[in-house]
Amino acid sequence: MKIAVLMKRVPDTASVFKIGADNKSVETDNLKYVMSPYDEHALEEAIQTKEAGKADEVFVITVGPDAAKETIRTALAMGADRAVFVKDDAASDTNCKGTAMILAAALKTEAPELIFAGKQAVDDDASQVPERVAELLDIPHASVVTSFELNDGTALVEREIEGGHYKMEMALPALFTTQKGINTPRYPTLPNIMKAKKKEIKELTFADIGLSAADVASGVTIEEMALPRQDRLNKILDGDNDERVAQLLSVLREEEKVL
Amino acid sequence: MSDKLIDRRDLHFLLFEMFEVERLLEHEYYEDHSTTTFKLALDTAYQLAQELFWPSFSEFDKNPAYFDGEKTIVPESMHKIWAAFKEGGWFAASFAYEHGGQQFPGMVHLAALYMFNAGNTAASMYLGQATGAAQLIEGFGSESLKKVYMHKLFAGDWAGTMALTEPQAGTSLGDITTSATPVEGEDYYIIRGTKRFISSGDHDLTENIIHPTLAKIDGAPPGVKGISLFIVPKYRVNDDGSIGAPNDVITAGIERKLGLKGQATAELKFGENDECRGWLLGEPHCGLKYMFQLMNSARVHTGLQAIAQASTAYQCALQYAKERVQGREVTEHDPATPQIPIINHPEVRRMLLRQKAFIEGVVSLLIYCGALSDRLRVAGSKEEEDTCRALLEILTPVCKAYGSDVAYESIMLALQCYGGAGYIEEYPIAQILRDNRVFPIYEGTNEIQAMDLLGRKVAVDQGAYLRALMGEIAKTLAEAGTMDALGGQTGKVQEAMEAITEVTMHLAAIGLSGDHKTYISHATPYLRAFSQLVIAWQFLWQSVVAQRALDSDAGDATFYEGKIATAKYYIDAILPSTHTICHLIKSGEDSALNFKEEWFGATHPSVTA
């Protein structure tokens with residue numbers, strides 16, 4: 001069995017973010033990039049599945065600029081067997097929809113039985129790409145998975161839902177997005193770092209997978225970007241003491257729901 | 001609390017731009033490596049430092065290591081750190097493939113250790129000694145010793161120590177009394193004696209602990225010439241490699257200390273029941289010589305440990321200074337205006353700058369020493385080998401003593417930036433300060449380092465080591481001399497070099513006159529003046545690299561401008577005291593030497609607390 005892991009290179013959230021002079025983009029000069037943390041869980045689950053003898057191969061797939069190769073090497077050093085890298089300058093002008101089209105097109109020839117992805121990327125937090133990929137490949141998917149068990153041709157998973165868990169069994173091939181808690185991602189080891197150098201990174205362009213820049217263009221125009229305002233939301237209560245106590249209780253009970 | 005432990009940009013600058021680690025790739029020994037393997041290893045090291053070492057830092061203070069009467073218990077998280085270190089292959093990272101290593105350059109390994117120590121020094125100490133013991137066995141052990149111990153130590157299956165100090169013999173190793181008695185018809189000796197202040201001396205992290213132990217074979221000559229080195233395991237090892245009977249190494253206790261409390265500093269009793277077996281390493285009576293091969297790298301590492309902690313303290317103080325608002329600009333008289341972050345006050349800014357300069361100067365020297373050991377490994381000629389060795393020899397006391405002295409000063413400044421908040425345990429600085437205080441003491445006190453520099457290293461072969469160093473400094477001066485932007489700093493480093501040369505000649509004359517006591521009484525001031533020249537030279541070299549980057553418009557101008565400004569601060573504001581010190585030495589300042597004991601005042605007989 002072949003497992004694919006969708007991976008995204010994102011700025012480290014510990015970086016200091018600045019809006020560019022055009023007010024429409026983020027300054028990227030001093031950003032440090034890492035693998036999106038939820039994707040680390042996805043990769044770990046794939047590697048553990050292989051280590052349990054239930055899969056033959058784990059490969060990661062990503063779309064991005066040349067520098068994404070660094071993140072791919074990290075994935076290979078963690079234990080992925082190889083990588084598929086769709087590298088096309090036009091990829092920078094796409095969004096969730098286009099990225100999903102690119103990944104789905106590249107995955108069609110690979111035909112993995114199992115696909116893992118992080119539940120969201122920590123840069124845009126859109127939570128769209130994996131689900132779109134599953135739709136485009138016409139396979140079932142389950143999101144925000146906290147427990148995964150592979151049986152003969154099916155997977156038994158637990159999803160996190162509001163206020164509880166949802167247990168379900170699905171037939172493969174299928175796609176799963178991983179939530180924190182499903183596992184503890186491993187650190188690359190030095191021996192695996194040495195091996196990573198020799199592992200295959202298959203580079204593809206849009207043309208190789210039958211797409212054009214126009215197919216995946218985002219069609220979205222960014223009007224403005226701004227950092228969140230950090231104003232404090234103060235509320236001054238009026239009236240005499242009794243009235244203010246009543247108002248305070250009402251706010252704590254009904255609005256803040258802390259009592 | 002900052003989650004930033006070190007300035008990774010600066011480390012990248014040193015490794016890749018200044019010491020050009022990628023140039024090692026031309027050599028066969030490093031041919032499997034690439035920029036990628038270096039960067040991945042460094043990224044992973046930082047991740048480990050941040051996610052494993054640093055989160056356990058305060059636990060190591062709150063839950064000190066202790067002896068429960070049967071075994072020594074170390075902080076719980078140490079087990080996790082040991083496992084991750086072993087799993088990651090970090091024990092033998094820079095060692096050869098045949099030892100299970102990955103042949104990483106020494107400077108990359110050193111950079112990784114810098115990060116681990118910035119996260120948690122007491123934890124790093126447990127990890128560092130296994131490979132030290134392995135190196136000794138590799139260098140001087142018989143084939144059978146290698147077979148039994150070496151791979152287990154390189155792999156991190158077993159732990160190691162360095163058992164030198166005894167209750168009555170610390171600095172003066174020639175006076176150790178631990179004895180080794182040969183046993184007729186056996187390959188081992190019976191060891192008897194007490195060793196004290198043994199870092200990682202006992203713990204439950206591994207199934208065995210190997211103590212390279214200094215002892216005197218019965219009838220050996222007195223003093224250091226009678227010291228031999230033995231391998232003494234905590235448990236004997238059976239022929240099939242499995243763990244055998246206890247080897248009569250008894251833990252007498254774990255010290256309660258000012259800092260590094262999670263570190264199990266043990267007093268060990270060897271052979272209380274005459275059952276402690278030790279295997280001789282190499283030739284009899286050569287033990288100290290062997291041990292010093294390890295001591296030299298241990299001394300560089302001590303500087304590294306010290307300055308790594310200073311880095312963490314600085315990063316914490318920097319963040320605090322940017323976030324803590326207090327007071328207003330001196331020119332602002334309206335109390336209704338908002339208060340400003342304290343980093344805007346010149347006094348705070350100076351304290352931060354001084355820390356930054358100490359750290360970036362010393363780290364540069366340490367990575368340079370790593371680069372020298374790498375050059376030594378691939379050296380193409382005897383001449384180059386000799387130069388690398390000479391430089392390492394003369395710079396080791398500077399790394400250890402100056403590194404740990406200014407690290408402590410730097411942490412005091414970090415604490416000062418916090419004001420009252422620095423003095424309470426809510427912030428990590430108080431613990432860092434306590435932990436850090438040992439580094440001017442252990443691995444040979446800084447005073448011993450000063451005597452090693454002036455009494456030995458400077459004097460060797462009519463100043464051969466010193467000439468090698470001055471040659472390197474002259475190269476940098478020549479390069480900087482072609483850059484107008486660095487004119488001011490170049491001249492000042494040149495003057496300091498001349499001052500050191502002159503004072504060394506002055507002292508040499510005293511030494512040659514036979515007045516060794518006066519000569520060596522200047523050791524500590526000399527080390528300070530000498531070290532400041534060395535660090536100023538590193539900064540001038542850094543400035544050359546940074547200026548070149550600025551001239552070529554390589555981007556990241558903020559970093560390079562900050563680098564040159566830091567270098568300028570060190571050369572303009574710290575280096576000048578070198579001249580004062582040299583002046584004092586030449587003027588024959590001899591107060592300490594001739595101050596009579598009775599002038600200190602009477603004391604009562606000592607009472608133990």
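Convention: sequence-line order gives letters A, B, ...; per-chain numbering from 1.
Residues Ile209(A) and Ile102(A) have side chains in contact (heavy-atom distance under 4.5 Å, counting atoms from C-beta outward).
Phe104(B) touches chain A through its side chain: at least one heavy atom from C-beta onward sits under 4.5 Å away, while N, CA, C and O do not. Only the side chain of Tyr97(B) comes within less than 4.5 Å of a heavy atom in chain A; its backbone stays farther off. For Lys32(A), the part lying near chain B is the side chain, with the backbone staying farther off; criterion is any non-hydrogen pair under 4.5 Å.
Geometrically, Arg9(B) engages Tyr560(B) in a cation-pi contact defined by less than 6.0 Å to the ring centre and at most 45° from the axis. Stacking of Lys4(B) on the aromatic ring of Tyr314(B) is not recorded, the 6.0 Å distance cut-off and the 45° axial limit not both being met.
Counting heavy-atom pairs closer than 4.5 Å to chain B, the top residue among Asn192(A), Thr189(A), Val34(A) is Thr189(A). Ranked by heavy-atom pairs under 4.5 Å with chain A, the first of Arg8(B), His33(B), Lys39(B) is His33(B).
Between Lys2(A) and Glu110(A) there is a salt bridge, since a side-chain N of the basic residue sits under 4.0 Å from a carboxylate O of the acidic one.
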field: ring pair (Phe, Tyr, Trp, His ring centres under 6.0 Å) assessment of Phe85(B) paired with Phe91(B)
entry: CA-CA 7 Å; Phe85(B) 215 71; Phe91(B) 279 102; 5.0 Å; yes
